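All remarks here apply to the structure that follows.
Values in this document were obtained by computation on a predicted structure and should not be read as measured data.
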Amino acid sequence: MTATLPTQVSIAAALTAVAPAGLPFRFTAYDGSSTGPEDSAVHMHLATERGLSYVLTAPGDLGMVRAYVQGDLEITGVHPGNPYDLMKLMLNELHFQRPSPAEALRIVRGLGWSHLKPPPPPPQEHLPKWRRTFEGLRHSRTRDKVAIHHHYDVSNKFYEYILGPSMTYTCAVFPTLDATLEEAQYEKYDLVARKLDLKAGQRLLDVGCGWGGMVRHAAREYGVKAVGVTLSAAQAEWAQEAIKREGLEHLAEVRFSDYRDVSERDFDAISSIGLTEHIGVRNYPSYFGFLLDRLRPGGRLLNHMITRPDNRFRPTGAFIDRYIFPDGELIGSGRIIADAQDAGFEVRHEENLREHYALTLRGWSENLVAHWDEAVEEVGFATAKIWGLYLAACRVGFERNNTQLHQILAVKLHDDASSDFPLRPTWLS
């Protein structure tokens with residue numbers, strides 16, 4: 001049961017009422033109230049009345065993020081580029097309890113009705129879902145382009161600070177625990193190439209190609225003619241320049257294009273690394289159908305995507321939807337495999353790389369901290385803080401099995417049902 005509050009309540013008392021087990025960190029507020037262990041290394045301070053209005057008018061993670069982005073909620077004891085220790089405490093040890101309607105009324109009355117007027121959201125926040133309908137239907141070409149622009153066109157230089165030389169914004173594969181992030185990203189691309197059984201002279205299509213890492217790896221290491229497509233103009237520009245720097249123009253190409261506009265067919269292989277999260281669960285049948293149509297018989301598909309640990313659909317949290325991945329959708333690997341099969345693919349192999357993504361996120365957070373001053377100069381303090389929070393929270397999510405990372409290997413069979421697969425996997429050697 002929640003504690004009974006007097007008519008006038010302090011901010012700390014109101015917080016304690018909805019977190020009766022207590023806080024795992026120190027909390028103080030502008031009204032002089034405090035709660036939580038005094039010796040905690042992590043300290044959260046609500047500095048302004050506007051911050052309280054953010055929290056009360058958008059309960060859950062969205063209100064706290066708004067206050068944090070605007071500077072009304074101050075956090076010390078962790079680096080803003082890597083608040084991992086705070087995220088662990090909040091996600092693992094902080095348990096909120098919904099108050100009864102009467103208790104909620106007393107809390108709001110005690111804190112002041114004036115705080116129920118919502119302040120304007122931070123400029124970094126994307127439109128709410130109902131407002132996005134003016135950009136087009138969910139996962140229409142126009143609206144997808146806007147969503148991709150919001151996330152991926154932040155700044156190529158900013159992404160370089162976070163991602164490192166590989167410019168790879170997808171889960172790495174760590175051959176050993178002490179492998180560097182660059183070594184792990186190379187291993188990821190090579191694992192994809194080995195699963196696809198790439199050979200010199202073959203043709204690869206990489207949908208949602210990012211900054212062209214897979215395209216360049218396939219061309220450079222395997223002599224494959226590779227085409228990548230991305231809806232991010234900034235990514236395409238960076239990738240095209242990287243292809244020229246490496247002298248791969250005769251093999252590699254990256255287009256600023258929707259994957260659905262690829263007209264060529266009979267590719268030997270298709271890689272989709274981090275695209276499925278953006279296309280919408282309802283669009284899986286047409287997505288897999290399109291990819292199947294672009295492969296030759298015997299051609300392989302490697303689909304690499306973030307998933308839920310189950311197959312029950314639920315929306316992403318407000319923070320992720322408004323600040324990071326507008327319109328992003330996740331579901332379990334079972335649903336994805338089923339839709340790939342229903343489209344006509346034969347699924348040959350599947351594996352979960354969940355722990356590898358937690359390690360990848362750790363590396364990105366460390367990069368952000370190492371380049372913090374440059375990152376802030378490039379995109380501003382508020383945006384840099386958002387990314388620090390996002391990377392740390394996602395790391396905890398993978399560690400807790402709230403999210404997973406699956407690779408699914410499938411093939412387009414010949415008419416006689418032959419697959420061109422060997423009797424045992426060759427990519428593990």
Side-chain angles (χ1 to χ4, degrees), residues 41-44 61 64-71 73-91 122-126 150-174 177-186 188 210-211 213 232 234-235 238 274 277 306 317 319-320 322-325 328 355-400 402-403 405:
V42 180
H43 181 185
M44 182 181 292
D61 60 357
M64 294 185 69
V65 169
R66 286 172 171 172
Y68 179 61
V69 171
Q70 294 287 64
L73 186 64
E74 302 167 352
I75 299 171
T76 56
V78 292
H79 193 287
N82 187 15
Y84 171 72
D85 289 339
L86 173 62
M87 290 297 97
K88 275 204 307 182
L89 293 173
M90 293 191 68
L91 296 174
Q124 293 80 10
E125 184 172 313
H126 197 49
H150 176 85
H151 186 66
Y152 292 105
D153 292 348
V154 177
S155 159
N156 281 335
K157 180 60 67 174
F158 179 65
Y159 276 107
E160 288 177 12
Y161 294 141
I162 294 175
L163 305 180
S166 75
M167 279 297 276
T168 300
Y169 186 35
T170 46
C171 176
V173 175
F174 286 76
L177 281 175
D178 60 353
T180 67
L181 180 59
E182 290 305 303
E183 291 169 341
Q185 291 294 12
Y186 181 96
K188 184 270 297 297
W211 289 270
S232 166
Q235 286 182 335
W238 193 99
E277 301 90 327
I306 301 170
F319 167 50
I320 294 295
R322 297 286 189 92
Y323 286 89
I324 307 299
F325 287 113
E355 294 87 352
H356 293 261
Y357 217 150
L359 294 172
T360 304
L361 287 155
R362 182 188 68 182
W364 291 341
S365 295
E366 291 171 350
N367 283 345
L368 180 55
V369 170
H371 297 282
W372 181 251
D373 292 341
E374 301 98 316
V376 169
E377 183 177 356
E378 180 69 20
V379 299
F381 186 46
T383 297
K385 283 198 303 182
I386 290 169
W387 277 77
L389 191 68
Y390 153 62
L391 296 175
C394 286
R395 177 182 170 188
V396 177
F398 281 97
E399 291 174 344
R400 287 166 48 92
N402 292 339
T403 43
L405 188 288

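The two residues Arg362 and Leu177 come nearest to each other via the heavy atoms NH2-O, 4.3 Å. The two atoms that bring Ala375 and Leu368 nearest to each other are CB-CD1, 3.8 Å, heavy atoms only. Across every non-hydrogen atom of Gln185 and Ser166, the tightest pair is CG-OG, 3.7 Å. Closest approach of Gly81 and Trp372 over heavy atoms only: CA-CZ3, 3.5 Å.
Separating the CD atom in Glu374 from the CD atom in Glu160 is a distance of 12.0 Å, to the nearest 0.5 Å.
No donor-acceptor pair closer than 3.5 Å links the side chain of Glu125 to the backbone N or O of Pro122. Using a distance-only test at 3.5 Å, with no hydrogens or angles considered, no donor-acceptor pair links the side chain of Asp85 to the main chain of Val78. Arg400 places a side-chain N or O within 3.5 Å of a backbone atom of Leu91 that can act as its donor or acceptor partner. Glu277 places a side-chain N or O within 3.5 Å of a backbone atom of Ile306 that can act as its donor or acceptor partner. The closest donor-acceptor contact from the side chain of His356 to the backbone of Phe174 lies under 3.5 Å.
By the 30° and 60° cut-offs, the orientation of the rings of Phe319 relative to Tyr323 is tilted.
Checking each of Thr360, Leu391, Ile162 against Ser365 for a side chain to side chain contact (heavy atoms under 4.5 Å, CB included) leaves exactly one that passes, namely Leu391.
Residues Pro123 and Gln70 meet the side-chain proximity criterion, which asks for heavy atoms closer than 4.5 Å. The closest side-chain heavy-atom distance from Tyr161 to Ser155 is not below 4.5 Å. Side-chain contact between Trp211 and Leu163: present, with at least one pair of heavy atoms (C-beta onward) separated by less than 4.5 Å. Residues Leu389 and Pro83 form a side-chain contact, since some pair of their non-hydrogen atoms from C-beta on lies under 4.5 Å apart. Within the 4.5 Å cutoff, the side chain of Leu359 has no heavy atoms near those of the Phe398 side chain. Counting only heavy atoms from C-beta outward, the side chains of Met44 and Met90 approach each other to under 4.5 Å. Side-chain contact check for Val396 versus Leu361: every heavy-atom pair is 4.5 Å or farther apart.
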Next item on the list: Applying ring pair (Phe, Tyr, Trp, His ring centres under 6.0 Å), run through Tyr169 and Tyr159 and close with a yes or a no.
Entry: CA-CA 8 Å; Tyr169 186 35; Tyr159 276 107; 5.6 Å; yes

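Lys188 and Thr168 share no donor-acceptor pair across their side chains, judged by distance under 3.5 Å alone.
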